[in-house]
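Just below is one structure, and these are the notes that go with it.
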Amino acid sequence: MDVFYASHFGHTEQIARHLATLICDAGVPARACNLARDYPDAERIRAPDACVLISPIRYGMHLPRASRLLRQIAPLTPAKPLVLLSVNLTARKDGKTSAEGNVYLRKWIARSAARPLIAEAIAGKLEYPRYNLFDRTMIRLIMSITGGPTDGTSVIDYTRWDRLPELATRICAAIAPAA
Ligand SMILES: Cc1cc2nc3c(=O)[nH]c(=O)nc-3n(C[C@H](O)[C@H](O)[C@H](O)COP(=O)(O)O)c2cc1C
């Protein structure tokens, strides 16, 4: 199974690679695939194989390569099983990890008309030291609105890594009837 990912600062890449390893451990061959280096051709997209698509949010939008791939895969779902995962800081809050509770994920699905088997938001990483002045100012603003740290220096990994094995198990179970 392909675990397609886009990533700006590398955190989503780490999640995608770890998830691919966990899916392999659960008995389904899987490989993480960086959309910036290895964008799938039409034949690979059309193949009925299940896939995972995971992208972080930047300023309310998923990364363009991931959204492009979602637009291509969406009409093929649900015959082509899709697991859609959104990485963002909003998902650090209770109730914001489901498609109903996470506005980015909900809109991503609605805009593409995709019918994913599983759709979830995963809490991302706050890394103030890596942001330029503009981004740091904007993220501080977002954090002040949502009750997070506004110091401009914190590095906090909000990802619940302990929940990924259970997600990998669910992904394997969900695709099993289709496989
Ligand atoms: C410039 C920038 C803009 C962001 N915008 C949002 C946002 O609008 N909403 C949100 O919940 N998270 C936002 N985030 C948080 C990222 O989604 C999170 O840091 C994620 O872990 C980044 O993944 P990456 O390292 O793979 O790029 C933003 C992060 C950055 C750096």
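Nothing here was measured: the structure is a model prediction, and the numbers come from that model. Residue numbers run from 1 in the order of the sequence given. Counting starts at 1 for both ligands and their atoms, in listed order.
Atom numbering of ligand 1 starts at 1 in the shown order; those under 4.0 Å from a heavy atom of His8 are 24 (P), 26 (O), 27 (O). Atoms of ligand 1 found under 4.0 Å from any heavy atom of Gly124, numbered from 1 in the order shown, are 21 (O). Ligand 1 places these atoms under 4.0 Å from at least one heavy atom of Pro56: 22 (C), 23 (O), 26 (O), 27 (O). Remark: ligand 1 atoms within the under-4.0 Å shell around heavy atoms of Asp135 are 1 (C). Close approach of ligand 1 to Tyr131 (heavy-atom distance below 4.0 Å) involves ligand atoms 31 (C). Set against the non-hydrogen atoms of Arg58, the atoms of ligand 1 under 4.0 Å away are 1 (C), 3 (C), 4 (C), 5 (N), 31 (C). Near Gly60, meaning under 4.0 Å from one of its heavy atoms, ligand 1 places the atoms 7 (C), 8 (O). Every atom of ligand 1 is numbered from 1 in the order shown, and the set under 4.0 Å from a heavy atom of Gly10 is 24 (P), 25 (O), 26 (O).
Counting protein heavy atoms only, atom 19 (O) of ligand 1 is closest to Lys125 O, 2.6 Å. With respect to atom 12 (N) of ligand 1, the closest heavy atom belonging to the protein is Leu89 N, 3.3 Å. Ranking protein heavy atoms by distance to atom 26 (O) of ligand 1, first place goes to Ser7 OG, 2.5 Å. Summary of contacts: the protein heavy atom closest to atom 5 (N) of ligand 1 is Tyr59 N, 2.9 Å. Regarding atom 25 (O) of ligand 1, its nearest protein heavy-atom neighbour is His11 N, 2.8 Å. Remark: minimum distance from atom 9 (N) of ligand 1 to any protein heavy atom is reached at Tyr104 OH, 2.8 Å.
Some N or O of Ile57 is nearer than 3.5 Å to an N or O of ligand 1, by distance alone. Residue Thr90 has at least one N or O atom closer than 3.5 Å to an N or O atom of ligand 1. Where the criterion is an N or O separation shorter than 3.5 Å, residue side chain and backbone included, Ile139 fails it with respect to ligand 1. At a 3.5 angstrom cut-off on N or O pairs, Glu13 does not count as close to ligand 1.
The two residues Lys80 and Thr77 come nearest to each other via the heavy atoms O-CG2, 3.5 Å. The shortest heavy-atom contact between Thr150 and Tyr128 is CA-OH, 3.7 Å. The minimum heavy-atom distance linking Asn88 with Ala121 is given by the pair ND2-CB, 4.1 Å. The nearest pair of heavy atoms linking Gly27 to Pro29 is O-CD, 3.8 Å. Closest heavy-atom contact between Pro165 and Leu22: N-CD1, 3.7 Å.
Using a 3.5 Å distance cut-off with no hydrogens or angles, the side chains of Thr97 and Arg163 do not pair a donor with an acceptor.
A salt bridge links Asp135 and Arg58; the closest N-O separation between the charged side-chain nitrogens and carboxylate oxygens is under 4.0 Å.
Both the sub-6.0 Å distance and the 45° axial angle are satisfied by Arg68 relative to the ring of Tyr39.
The number of heavy atoms from other shown groups lying within 6.0 Å of CZ (Arg115) does not exceed 12.
Applying the side-chain contact (heavy atoms from CB on, under 4.5 Å) test between Ile122 and each of Leu19, Leu105, Ile15, Thr12 identifies Ile15 as the sole match.
Taking the six-membered ring where tryptophan is involved, the planes of His62 and Trp108 are essentially parallel, since the angle between them stays under 30° and well short of 60°.
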